[in-house]
Structure formats: C-alpha cells, structure tokens
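Here the structure is laid out as structure tokens; the discussion comes afterwards.
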Protein chains: 2
Amino acid sequence: MADTSRSPQPRYGARPTMKDVAARAGVGLKTVSRVVNGEPGVTPDTERRVREAITGLGFRRNDSARVLRKGRTASVGLVLEDLADPFYAPLNRAVEEVARDHGALLINGSSAEDPEREQELALAFCARRVDGLLIIPAGRDHRYLEPEIAAGIATVFVDRPAGLIDADAVLSDSMGGAREGVAHLIAHGHRRIAFVGDQPRIHTASERLRGYRTAMAEAGLPVDESWVSLGPTAPEHVRAEVDRVLSGPEPVTAVFAGNNRVTVTAVRVLAERPHPVALVGFDDLELADLLGITVIAQDAARLGRTAAEQLFRRLEGATEAPRQTVLPTRLVARGSGELPPRPGA
Amino acid sequence: MADTSRSPQPRYGARPTMKDVAARAGVGLKTVSRVVNGEPGVTPDTERRVREAITGLGFRRNDSARVLRKGRTASVGLVLEDLADPFYAPLNRAVEEVARDHGALLINGSSAEDPEREQELALAFCARRVDGLLIIPAGRDHRYLEPEIAAGIATVFVDRPAGLIDADAVLSDSMGGAREGVAHLIAHGHRRIAFVGDQPRIHTASERLRGYRTAMAEAGLPVDESWVSLGPTAPEHVRAEVDRVLSGPEPVTAVFAGNNRVTVTAVRVLAERPHPVALVGFDDLELADLLGITVIAQDAARLGRTAAEQLFRRLEGATEAPRQTVLPTRLVARGSGELPPRPGA
DNA sequence: TAGAGCCTGGACAACGTTGTCAAAGGCGGC
DNA sequence: GCCGCCTTTGACAACGTTGTCCAGGCTCTA
C-alpha cells in the first residue's frame, strides 16, 4: 500500500524541477536557484535541506531553460570535413580543450566536403544558439552566415578562408608549404614532377597547386598538364591517377601528394612499382617516420587551438577588424623525398 | 536622418524573435510559428508575407526555447577517451552519421581516461537535456547516472561495459581477440611472449590480459610476471617497458601490444633492435599493411554505429532488458606476427 | 437569404529557469 | 523598548517557443 504522506519520489520519465525541489525542501523556488548556483544569502541549514531534496529527487538543472533566460549557451560549434580524418581529429581535440578551459561544450559535425551540408550544420548550430562557430569550409560562399554574425555569433574559419564575407581565419601556409616541398624534389634532381591533389574548389587544394606551379616556374621547369591531377581523394581514383602519371613515354620521376589521403594511397601504389619514385606529401602521417615518407607537416592541433583562442577572444569582446592568421609548415625529410630520379629517366 | 516609418532592421547583437517577425508581417505570433514549422492552415499569401519578414529580419528560430517547450532536444552526447585518438575518430564519425540519420546533433567530449572528467562531461550533457548518451567509460562506477537514466535519458556504453549499473553496452571481443593473437604467436613457435598493455582499471586492458593468460595456459606455457606490463601508454613509458621485457637473461621473443598506442611505440622500438622480434598488436593502424604489422583488428566504426543504433532504438521506445552486444575481432596477418623466434633464443 | 460548417488566424498559457524587488525577521544601538 | 538596518527569503515577470482553444469570415446548401 502506498504511503501517501511520503515525500514525492522520482518517477520514471518525470524530471523534477526546481519547483519540486522547493516543495520538498519547504522553501521558495528562488532559494533553490540560489543553492544550485552557489549564490550567497542562504543559511547553512536551509542549504542543507535544499541539497537533501536535490539528492532525494535526483534533480538536475535544466540548462535549456537556463540558456533561454541568460542568453548565453556556453557552447561552440565546429563544422569540419570529416571527424574520422586523422588530420582533423587532433584539431577537433585542440578545439575541445580550449572550449573546456573556457567552460564551454563542443558540438560538432562533418560536412563531408559538401557545401550544403556545411550550411545545414552551421545553421543548426546557430539555431541552438551556440556562442561561437568554428568552420572548416566546404563551400565558397558564406554569405548565409551574415545574419548570424550580425546577431552576434562569433565565427572563425579554420584551415581555409571564408568565402565572400569578411571574417577571422586561421590557415596553414599551403602555398608556401607546397612550394617548399616541390623545390625540395627539384633540388634532388627531379624535372618531371606530378601533383596529385584534391578538387580545385577546395581552397587548400588550389593553393597547394599554386605552390607547385610557383616552385616549378622558379626553377624554370615546364609543367606538362598531364602531370597535374585534381579530383576526389577516394583511393580508387588516386590510384588510377598515380598510375597514369607514372605511365606513358615520359613518366614523372617524383610525385607531390596534395594531402594525407592522397599520400597514403600514393605510398601504396609506389610500393608496388618496380622502380623507386620520389614522394613528398602534404600533411604528416602516423608512422610516416618508419616508412621514411618525406612530408610537409602542418600542426593541426595548433591550427585548432589558435582558431579557438581567437574565437574566445571575440566572445570576450575583442572587436578589431577580422584577421587572417597564417601558420607555417615544416618540411620533414625522411627519405622518400630525397630519392634521386632513376638514372636515364 | 533616420526614417522612422521604416520597418525594423536587424541590429547588431539583437536577435529578432517570432514576435518581431509577426509584427513586421502584420500577422499573429502563432502564424509565424506555423510557417516556420511548415504546419498547415496558412494561405499562400500570408505565408509569403511571413517569409519576407523572416528574410528581411534575418530571423532564426531559437531552438533553446523550442526544446524547453517540446521536451526533446534532438541531440545526443558522446563521451569518449580522446577525440584525437585514431581508434576513436571513426567511431565518433559513425555515431555522428547515425545521429544525423535520426535528425539529431552530436555533442562530444574527451574524458582523457579520467573518471571524474567522464562524469563531469556526462552530467553536463544531461543538464543540456540530450535525448541520449553514449559513453566510453573511463571510470568503473556509473551509479551517478542512475537518476538521469530514471528520468529517461537513454544510455548506451561503448567499447567497455558499465560499472555497477545495468545498461546497454556494445563491446569488442577483447578477451577473444587477444587470445587469438597470442595463440597465433605460439603457433609460430614462441614460448616467451610479453604483454604490454594499458592500465588494468580499464576494462579492455584487463580483458586483453585475460586473453593473453588464457592462450598461454591453453598452450601449457608458464607466464613470467616480468613479461607483463600494464601502465600508462605514453610513449616514454611504453618504450621503457618494451626495452625491459627484451632485456635480461631470458628475453621474450615476441610482444603482444595491448592497443594502438602501445603498438606504434613498440614498432618504433623493435625497429631499432638488431634482431627481429615478433609483434602482434590489438587495433589496426593506418599504413600497418605497408609496415607488415600483424594486428587484431576491431571495426571501430561498426562499434559506434551499433551502439548509436541501439541508442535510437531505445529512444524510439524499445524497453527490453539491457543488452550486451559483443562484436568479433579479426586477425590480420601481415608479417610481424609470423616471424619465428630467433634461433637459439 | 439564413444557417451550418470549414478554414484561417490570433490570444493565451505553459515549458523551467533567473533577475528584480519587496517583505519579513533578527539584531544592535540609542 | 523602539527604530532602523541588514540578512534571508519568496513572489513575480520574463526569456522565445509551441499547444490549446476560440473567433471571425468565408462558402455551400436548403
């Protein structure tokens, strides 16, 4: 038989509210709020009664209501290309750390390099009223964010600049890095060098191609357009393209790989070849040291940290004009980029 | 001079609400709500006026308020160990995909293997009123979640089981996988095999150790406790431990590495050794094929997908008793695990 | 032409929290 | 013993949305 005189117990599916806690503790609503938020002006005895009621009911403050009332959500959104990409994972983590240091939670999602999905995600985050937005853009037009930015959502672009709007951005030196990598191959005697990269609508891809062309031009070397491959980075496609540039009457003697996904496939294809082919890849890889792969390394964690810090600077009120920060890359020579051209090739 | 007859314009920092939209369109509040949510009962002409007002003001529905009213947030929280760990990144992505298919957003965070941080994150997600929670536990006591689960937050544990509460879990067959890997080394002639793994309070670590002991026992082989190393997986520590088990009068001839972080360090250490030492690692690695590393592979994406699907089944009302799902592992022989013991060793 | 019924639109309360403000109670000083 | 001040507490509105319910105007039929 039910004891009707008993205090209310937690029921399945029912969330106790501050009102319930107040009733059980025999105090007013606001007093509960004060205890929950550690505000002063509550006697130890009252506080104890409230805390007992909280524990007894299994109460947890509803942050949705709190957000509604306060206007700040203490959360930031991160739109990146692929959560599973080993290049973006450390970036993601670095952003999370900075957010944590500022007491904010992180919501994130993958655009899968699809501009529509990027927009969908970014706007969904805005609807949740994230305080700030970090975006690794897939699209080239970000005017859809203008009302959001005007309404006060701080926005920082990472890895690639914003399109058609003026906003903070933190980038790696794609052009400079690729130029250095290709110059490295040239310095080791290569004259015919392939560039296998991502789709040209992606800013970093076209910048890296520009670095390739610059290095070739600076060395006075012609570029045969058949050496250049820009397209999806799915293994099958890259495999076909690497095979292609290595075939024909005058095959290339070296390959510059435009990003980590291209590099891993290129390494596999080159390993199957009878003759060694030089390779430099953009982005470092785990275990690349053991495989002797020469790369242009970028510090993804630093990219994420720098961007997140800029975001929180904005949230704390910084109002200077949008700023573009470019972080340097670093050539890491491990062997594959130092192979000379095959004699007679 | 300001044109006071003009309709209200978006002001910096001010968010238009449905009320503002209604005023500008000259309709009632609820009509705006109907248009925004695609509810029927609005004439095309009224709808057009409302849409114009929405665009003109840059209105976006405040989902915090919506959540408060509706009770569901259409978001799930994922607590994992390290967003940057290559093993968890695909899991993260898989969860995101499933969430997306169900129209939910993903909030996530790294516990850094710290039980307190796990709890802090999980409860923060609960305060945000996520609909469901996916947890890769760091701690061994999850009773702190009881009130949350009672209040209706669906919870599924991933990769490791829940501690002291009865809840859904999706795991890999750690014990079976390790047993198979060690048996594989034994089959190739090894008698003295080291186990280098993570801290024993981590469930998967102790299960894998159990697999190791089982395989050794089944082969009738003794285990010298100096061959077993359980501790932090920071490179320096693993390096020291691998060096240790390979030294002494009767060094081991093979190493079983308890997870991906141990494996990468072990590979580096073994590469520096004058004599080859056999190695099998738990978890697959990118480029492991090129390095010829034999591994026990688990399908992290499948782990995440399975867990997320179970979560959404619960959210859609499934009420069976909590279920533990164990996914199989797979031995991938690539060379390092098939090396025979050094003759005379 | 009147009445019935349908379709569109709006007024109002509620979700759970926090900020404002005022009341009650205790205590010290004169 | 009374006044005034400070401390503790609570009542109430508001945040922006959605659900409920009702009103008004229209069409269609008898």
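Letters A, B, ... are given to chains in the order of the sequence lines, protein chains preceding strands, and every chain is numbered from 1.
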**Full working for salt bridge (Lys or Arg N to Asp or Glu O under 4.0 Å) between B:R24 and B:D20** = CA-CA 6 Å; B:R24 171 144 167 173; B:D20 302 324; over 6 Å; no
**A:E39 CD to D:dG10 P, straight-line distance once rounded to whole Å** = 14 Å
**Message:** Heavy-atom count check: over 12 atoms from other residues, nucleotides or ligands less than 6.0 Å from B:E116 CD?
**Reply:** no
**Message:** I'd like to know if the side chain of B:D168 and the backbone of B:R323 have a donor-acceptor N/O pair within less than 3.5 Å.
**Reply:** yes
**Nearest-angstrom distance from the residue atom CZ of A:R66 to P of C:dT18** = 5 Å
**Asked** Would you call A:R143 and A:E146 a salt bridge, using N to O less than 4.0 angstrom?
**Response** no
**Item:** Footprint string (nucleotides 6-14 of chain C, 5' to 3'): B base within contact, S backbone only, - free, heavy atoms under 4.0 Å
**Value:** --SBBB-BB
**Message:** Rounded to whole Å, how long is the line connecting atom CE of B:M18 with atom P of C:dC15?
**Reply:** 19 Å
**Asked** From D:dT17, C:dG16, C:dT18, pick the nucleotide closest to the side chain of A:L68?
**Response** C:dG16
**Request:** Using distance alone, with no hydrogens and no angle criterion, decide if B:H142 and B:E118 have a side-chain donor and acceptor under 3.5 Å apart.
**Result:** yes
**Message:** Expressed as a whole number of angstroms, how long is the span from A:K70:NZ to D:dG16:P?
**Reply:** 15 Å
**Prompt:** Just checking, any donor-acceptor pair under 3.5 angstrom between side chains of B:R128 and A:N62?
**Reply:** no
**Asked** What parts of residues 123-133 of chain B reach DNA chain C, counting only heavy atoms under 4.0 Å away?
**Response** none
**Item:** Taking every non-hydrogen atom, the tightest pair across A:L315 and A:A154
**Value:** CD2-CB, 3.8 Å
**Asked** Rounded to the nearest Å, what distance is computed from the CG atom of residue B:N62 to the P atom of nucleotide C:dT17?
**Response** 17 Å
**Message:** Does D:dT18 have its OP1 or OP2 closer than 4.0 Å to a side-chain nitrogen or oxygen of B:N37?
**Reply:** yes
**Prompt:** Do any N or O atoms from the side chain of A:N92 and from the backbone of A:Y88 form a donor-acceptor pair under 3.5 angstrom?
**Reply:** no
